[in-house]
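Structure first, then comments.
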Amino acid sequence: MPFFTIPNKGFEQGMLLEKLLLNVLIVLSPILVYTAFGDRIKKALSPFSIGLVQGAASSLCLIFSYEALNLYWDLRYVPLVITTVYAGPVAGVINYLFILGTRTYLNGNALHFGYISITLTFLGTLYLSRFTKNRSGRDRLRRVVLISVVPSLIMLIIMLSYTLINDVKSPAHFNPFVAVLFFGALETLGTWLPAMLLEFNNERSSMKEEILRAEKLKTLGGVAASMAHEIRNPLTAVQGFLQLIRANNYDRKTRDYLQIALDELERAESVINDYLSFSKPKLTHFESFCLVELIRNIITMLTPVSSCKGIEFQCRFKGPLYIYTDRGQLQQALTNVIKNAVEASSENSVVQISLSLQGSQVELKIIDSGKGMTKEEIQRIGTLFYTTKEKGTGLGTSVAVRIIEAMKGNILYESEKGKGTVCIISLPLEAEQLANTN
């Protein structure tokens, strides 16, 4: 039974609309599969699995298409766009092969034009998908909808070319240009709906991961604080007795040993303070200060460390940007992050530091030329005891992340193996300067 009654005069257009609406339901079905099985079966979200599921949706759209002017009118390209943008080239190629196979099976007079249309759409989508990389939310959604215009344009060009070359007559009561409008509108709708649902699912997954991470950090922070307090008491006693012993007249060798012991106790005290900072960063001394000046001071302090490896700092600052927060805590966090960039970089290289205004946020970028990290390693950054260095506890990065978050800021890492790492830190601008910029 049809979805609605169609007058005889508009029968052809009505049948086209009915088929395209059925196609909209088909392209939404893979999203239901991801929602139902994505969290339970991790392989369901692999590029190969996504390519298979979306490829099947494209094939079904082509099978339940409307045929007019010897052309198939359907939404086969919607899953292709969604797959290529959200799952990558591998999944896109699988979907592309599904469409080619199904179109070959259906055959028809315009088979070669179909091949051209399919290939041009895939290549155009593959190229344009590069501009959605590192985008998310509404920004990526808008870009995906714009990409969906490509198949409509190609369909229009193919229709005009094929009908003119072969002198194909239009069926009675079938207006090709009205059909193209229907096709374009529903293709845009059919792309927007699944893309919006995918963004919603991604946002929900991110929130779930953030909640789990916060719970783990809270537990680890409590354990770290308890351990730090218990260890600090005996260390304080040991340090006091060593200082009393050092006051006596001993030979130089003994005094050197005592100094080494006191230095190591001081280092242990510093580690304990880091654990306490990790468990609950305390922002006590708030003040307004110039972030550019603070970063220059940190660079001056780290210059001896960088000079040992022949590393230079390349800075690019835009204006005297002021923020209102705990200067001492922020200096500790930024020192940890910049020092990590120096340690990760290869000898005789450059660490780039840039500071700019992004809306109501100050954005600090620290770019090193190290060995880079995988996606799995990036996800573990900030976790207690995790580090990619041969020697280290990962505590400095964990403390930096906690301090930045306590300041209502955000810290993000972008990296690829063999291509270095970019650390992006965003902090809220001082209210007075924000008012002046507006």
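Heavy-atom basis, side chains included; hydrogens, waters and symmetry copies ignored.
The shortest side-chain heavy-atom distance between F48 and I50 does not fall under the 4.5 Å cut-off. Counting heavy atoms from C-beta outward, Q361 and L429 have side chains that stay 4.5 Å or more apart. Annotation: side chain of T84 is not in contact with side chain of Y96 (no heavy-atom distance under 4.5 Å). Residues L62 and F98 form no side-chain contact, since every pair of their non-hydrogen atoms from C-beta on lies 4.5 Å or further apart. Looking at heavy atoms from C-beta onward, V93 lies out of side-chain contact with L126 at the 4.5 angstrom threshold. In this structure the side chain of F200 never reaches within 4.5 angstrom of the side chain of N202, judged on heavy atoms. The shortest side-chain heavy-atom distance between I99 and F122 does not fall under the 4.5 Å cut-off. Taking the side chain as every heavy atom from C-beta outward, L412 and C423 never approach each other to under 4.5 Å.
One N or O on the side chain of K309 and one on the backbone of E343 form a donor-acceptor pair closer than 3.5 Å. Put simply, the side chain of R142 never gets that close to the backbone of L146: no donor and acceptor are under 3.5 Å apart. Although no hydrogens or angles enter the test, the distance criterion places a donor-acceptor pair under 3.5 Å between the side chain of D368 and the main chain of T421. No donor-acceptor pair under 3.5 Å is formed between the side chain of S307 and the backbone N or O of G310. In terms of modelled atom types and a separation under 3.5 Å, the side chain of S148 and the main chain of V145 share a donor-acceptor contact. Under the 3.5 Å distance criterion, the side-chain polar atoms of T119 are left unmatched by any main-chain donor or acceptor of I116. Here the side chain of S415 pairs a donor or acceptor atom with the backbone of M373 at under 3.5 angstrom. Proximity of a side-chain donor or acceptor of T335 to a complementary backbone N or O of Q331 within less than 3.5 Å is detected. Remark: side-chain polar atoms of R143 are paired, donor with acceptor, to backbone N or O of F131 under 3.5 angstrom.
Every side chain to side chain donor-acceptor pair (under 3.5 Å) that S58 has, sequence neighbours left out, goes to N95. Under the side chain to side chain donor-acceptor pair (under 3.5 Å) criterion, S161 pairs with no residue at all, not counting sequence neighbours.
Atoms CD1 and CE, on I31 and M196 in that order, are 10.5 Å from each other to the nearest 0.5 Å. In this structure, the separation between CG on N410 and CD on E363 is 10.0 Å, given to the nearest 0.5 Å. Between atom CG of residue L197 and atom CG of residue L141 there is a gap of 10.0 Å, rounded to the nearest 0.5 Å. From S152, atom OG reaches atom CD1 of I154 across 9.5 Å, with rounding to the nearest 0.5 Å. Note that CD of E347 is 10.0 Å distant from SG of C308, once rounded to the nearest 0.5 Å. Distance check, rounded to the nearest 0.5 Å: CG of L106 to CZ of R103 gives 6.5 Å.
The list of side chain to side chain donor-acceptor pair (under 3.5 Å) pairs with a residue in residues 123-132, not counting sequence neighbours, is empty. The stretch residues 74-84 participates, sequence neighbours left out, in these salt bridge (Lys or Arg N to Asp or Glu O under 4.0 Å) pairs: D74-R76.
Side-chain polar atoms of Y77 and T191 form no donor-acceptor pair below 3.5 angstrom.
Of all heavy-atom pairs between Y322 and S288, the closest is CD2-OG, 4.2 Å. Taking each heavy atom of C61 and N23 in turn, the nearest pair found is O-OD1, 3.4 Å. Nearest approach of I323 to L427, heavy atoms of both residues: CD1-CD1, 4.1 Å. Here the closest non-hydrogen pair linking I94 and P47 is CD1-O, 4.4 Å. Counting all heavy atoms, side chain and backbone alike, A57 lies closest to P30 at CB-CG, 3.8 Å. What you find for V78 and G190 is that their closest heavy atoms are CG1-O, 3.2 Å.
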Exercise for review: List the steps and the verdict of side chain to side chain donor-acceptor pair (under 3.5 Å) for Q54 and Y86.
Suggested key: CA-CA 11 Å; Q54 293 281 15; Y86 285 94; over 6 Å; no
Exercise for review: Take L17 and L186, measure what side chain to side chain contact (heavy atoms under 4.5 Å, CB included) needs, and give me the verdict at the end.
Suggested key: CA-CA 9 Å; L17 183 59; L186 286 175; 3.4 Å; yes
**Study point:** CA sep, side-chain torsions, deciding dist, call: L100, Y115, side chain to side chain contact (heavy atoms under 4.5 Å, CB included)
**Key:** CA-CA 7 Å; L100 277 181; Y115 288 156; 3.6 Å; yes
Exercise for review: Please lay out, stage by stage, how L334 and I425 fare under the test side chain to side chain contact (heavy atoms under 4.5 Å, CB included).
Suggested key: CA-CA 9 Å; L334 296 184; I425 298 174; 3.7 Å; yes
Exercise for review: Output, in order, the C-alpha distance, side-chain angles, deciding distance and verdict of side chain to side chain contact (heavy atoms under 4.5 Å, CB included) for L20 and L22.
Suggested key: CA-CA 5 Å; L20 291 178; L22 176 60; over 6 Å; no
Donor-acceptor pairs are to be reported for all side-chain atoms of residues 291-305 against protein atoms at under 3.5 Å, with residues two or more places apart or in another chain.
| unit_1 | atom_1 | unit_2 | atom_2 | d |
| --- | --- | --- | --- | --- |
| N297 | ND2 | E293 | O | 3.4 |
| T300 | OG1 | R296 | O | 2.9 |
| T303 | OG1 | I299 | O | 2.6 |

Please list, one pair per line, the donor and acceptor atoms closer than 3.5 Å that link side chains of residues 350-358 to other protein atoms, with sequence neighbours excluded.
| unit_1 | atom_1 | unit_2 | atom_2 | d |
| --- | --- | --- | --- | --- |
| S356 | OG | Q358 | NE2 | 3.4 |

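Other residues, nucleotides and ligands place more than 12 heavy atoms under 6.0 Å from the CZ atom of F286. For K417, the NZ atom sits in a packed shell: over 12 heavy atoms of surrounding residues, nucleotides or ligands are nearer than 6.0 Å. Environment of CZ in F64: sparse, with no more than 12 heavy atoms of neighbouring residues, nucleotides or ligands closer than 6.0 Å.
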